[in-house]
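First the structure, in the form of structure tokens, and then the observations on it.
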Amino acid sequence: MSKPLKLIKANASNPKLWIVVGIGVVGVVIMAETRRRRRRSKAAGIKDFGAFVERFEILPFPQPPPPAARQSLAGLTFAIKDIFDLKDHVTGFGNRDWERAHKPAGKTAVAVTALLKNGAACVGKTVMDELAFGITGQNMHYGTPTNPQMPSRIPGGSSSGSAVAVAVEIVDFALGTDTIGGVRIPASFCGIIGYRPSHGAVSTIGVIPNSQSLDTVGWFARDPSVLHRVGHVLLQLNSVEPRRARRLIFADDLFQFSKVPTQKTLYVVSKAIENLSGYQLPKHMNFGQYIASNVPSLKGFREPSTNVQNGTSALKALSSVMISLQRYEFKTNHEEWVKSVKPKLGPDVSDRVLAAINTSHENMKILYRVRTEMRAALQNILKEDGILVIPTVADSPLKLNTKRGLSAEFHDRAFALSSIASMSGCCQVTIPIGKHNDCPISVSFITFHGADKFLLDMVLDIYSSLQAQASIASNSVPLPDTNGNMDASELLKEKGNAAFKGRQWNKAVNYYTEAIKLNETNATFYCNRAAAYLELGCFQQAEEDCSKAILHDKKNVKAYLRRGTARELLLRYKEAAKDFKHARVLEPQNKVASLAEKRLGKLMS
């Protein structure tokens, strides 16, 4: 008889021994089950939509005995991005070479432990962009998770697998990280709620850093109450706080970037709060111009511009600072490993990593100064009750495997929006509001740093009303304009021209609008109103008017020039270049078109 069996026989009446034996057997069973589930998960790619790197089950901590309250997350399941440490598991960071070069973690990440302590069960690690260095969600090593809303399109990243696992209802919620949009963008593309907390509000201990000045631990959910409960655990919030009034501020210029009709989103949000208590009438602002005036350190990063371009130029500068800061800190964190291992990386990631490793900033202090000024600027405008309303993303999800050149504009426009919360450290929530042209769309709410409970409570308040209004808006049909008297329309056009010359842009828009109501087939009316919209910074409306003008007059050179200008200011360089080229075909000697083509050629190269 073996020594272990003799020991058991000799102490058979000792209950402590049987507890030890039981624990040992349970441990063996759990290990065997984990291995079995891992094998099974490799063959389950279609069932889990490719969301997981690894499937397992880690049960929550035991429920404390009465009179202790029931664990707040009891009965819920969650997944974690493969950037969080889990004891005895290798943290892969989205890259096979990283996985091979590192040992299993000795401890579990603080955020994951908090969720387990509060009753949630962890069921797997999810796919991510390599080294958390992307926003598409694509991964050459583990495959790209399938976007359940649009299978031929990207899911968004870097926390792609976590978003997909929630969207297809494999888990109740999931953890991701958000540096430059890693939670907000996939939440929008997959049609779920995504939350980026105030910078530093959730512990990042046990999370591999990408850029610690921008990194946050965020989470996804389908149900706002689940989002709220997870937030209370991770943020360690007090359950009771005095209710404050809420003041929504629409960033009108930012909605110009979105391809979703601005009025649709504004209508949905405005109607959603109409019958809710504690909400003031919404305000409107030009956010880009506000940043240009209130973040002075951005001046050195901005391109020379006219007043019309002022706001857009400031947003481009802000996103440029964000990317520079990310590169600098990534280099500090991982340069040694990249140079020694020379990891195999996907093309896009390889370019970004190379740019980071080769980056050099003589004056890093200015990047951090922009961050400080940005937070102060947001605090100043939001105060204690303000919530900024912006589009989460500008574009629909890219098609899978889109060529790098075609995705440049997509990234520029995405970063112009994501840089606001990333560079200010403010908290932001992304909420789905249905679809437009079969693509999921969302709206984002940002409030001041540290006001996470204020924002999470607002989500509970507004979510069901938002969904109801989004459904109504999707099913409504806009009423057509009516035709009218031709002479009266010409008179209104002349009044509009006079107002335009007097730099009374809003008055000019009103006159041209009245003219269009009387004669909706006159290309000049649309083209003139587009010029006024450009002066007001309403680039999306200007583009729409020019398109209508071209529809009625395909040789309208001014319409092509103005549409090209609007598209350039919306950072859609390729479309803008086509417009300027078309204008030059119609008028070969047109200097404006010629200069614009050269300028855009440099930007796109």
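Only heavy atoms go into these numbers, but all of them, side chains included; no hydrogens, no water, no symmetry mates.
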Excluding sequence neighbours, so at least two apart, what forms salt bridge (Lys or Arg N to Asp or Glu O under 4.0 Å) with Asp129? none
Residue pairs passing the salt bridge (Lys or Arg N to Asp or Glu O under 4.0 Å) test with at least one member in residues 578-594, sequence neighbours excluded, are Arg563-Asp579, Arg567-Asp579, Arg584-Glu597
Backbone N or O of Phe539 within a donor-acceptor pair of the Gln256 side chain at under 3.5 Å? yes
Contacts of type salt bridge (Lys or Arg N to Asp or Glu O under 4.0 Å), residue Arg369, not counting sequence neighbours: none
Check whether the side chains of Lys435 and Gln149 place a donor and an acceptor atom closer than 3.5 Å, and report yes or no. yes
Mind checking ring-ring contact (aromatic ring centres under 6.0 Å, His included) for Phe133 and listing every partner two or more places apart, or none if nothing turns up? Phe330
Sequence neighbours left out, what passes ring-ring contact (aromatic ring centres under 6.0 Å, His included) with Phe250? Give chain and number order. His284
Ignoring hydrogens and angles, state whether a donor on the side chain of Arg184 or Gln428 is under 3.5 Å from an acceptor on the partner side chain. yes
Do the side chain of Arg413 and the main chain of Phe257 share a donor and acceptor less than 3.5 angstrom apart? yes
Salt bridge (Lys or Arg N to Asp or Glu O under 4.0 Å) with Lys399: which residues, sequence neighbours excluded? none
For the residue pair Tyr526 and His552, does the interplanar ring angle fall in the parallel (under 30°), tilted (30 to 60°) or perpendicular (over 60°) class? parallel
Those residues that, when tested against Thr524, pass side-chain contact (heavy atoms from CB on, under 4.5 Å) (two or more places apart): Lys493, Asn522, Asn528
Once ring-ring contact (aromatic ring centres under 6.0 Å, His included) is applied, do any residues pair with His436, and if so which ones, sequence neighbours excluded? none
Kindly write out the residues that satisfy side-chain contact (heavy atoms from CB on, under 4.5 Å) with Ala163, not counting sequence neighbours, or none if the list is empty. Pro186, Cys190, Ile192, Phe220
Donor-acceptor contacts, no H, no angles, side chain residues 449-457, under 3.5 Å, sequence neighbours left out:
| unit_1 | atom_1 | unit_2 | atom_2 | d |
| --- | --- | --- | --- | --- |
| His449 | NE2 | His199 | O | 2.9 |
| Asp452 | OD1 | Ser198 | OG | 2.7 |
| Asp452 | OD2 | Tyr195 | OH | 2.8 |
| Asp452 | OD2 | Ser198 | N | 3.0 |
| Lys453 | NZ | Asp457 | OD1 | 3.4 |
| Lys453 | NZ | Asp457 | OD2 | 2.7 |
| Asp457 | OD1 | His228 | NE2 | 2.7 |

Side chains of Ser188 and Ser442: do they bring a donor and an acceptor to under 3.5 Å? yes
Quick one: list whatever passes ring-ring contact (aromatic ring centres under 6.0 Å, His included) with Phe500, sequence neighbours left out. Trp505
If a pair satisfies ring pair (Phe, Tyr, Trp, His ring centres under 6.0 Å) and one of its residues is in residues 556-604, list it, with sequence neighbours excluded. Tyr560-His582
Does atom CG of Asn363 have more than 12 heavy-atom neighbours from other groups under 6.0 Å away? yes
Under 4.0 Å between a Lys/Arg side-chain N and an Asp/Glu carboxylate O for Arg503 and Glu535? no
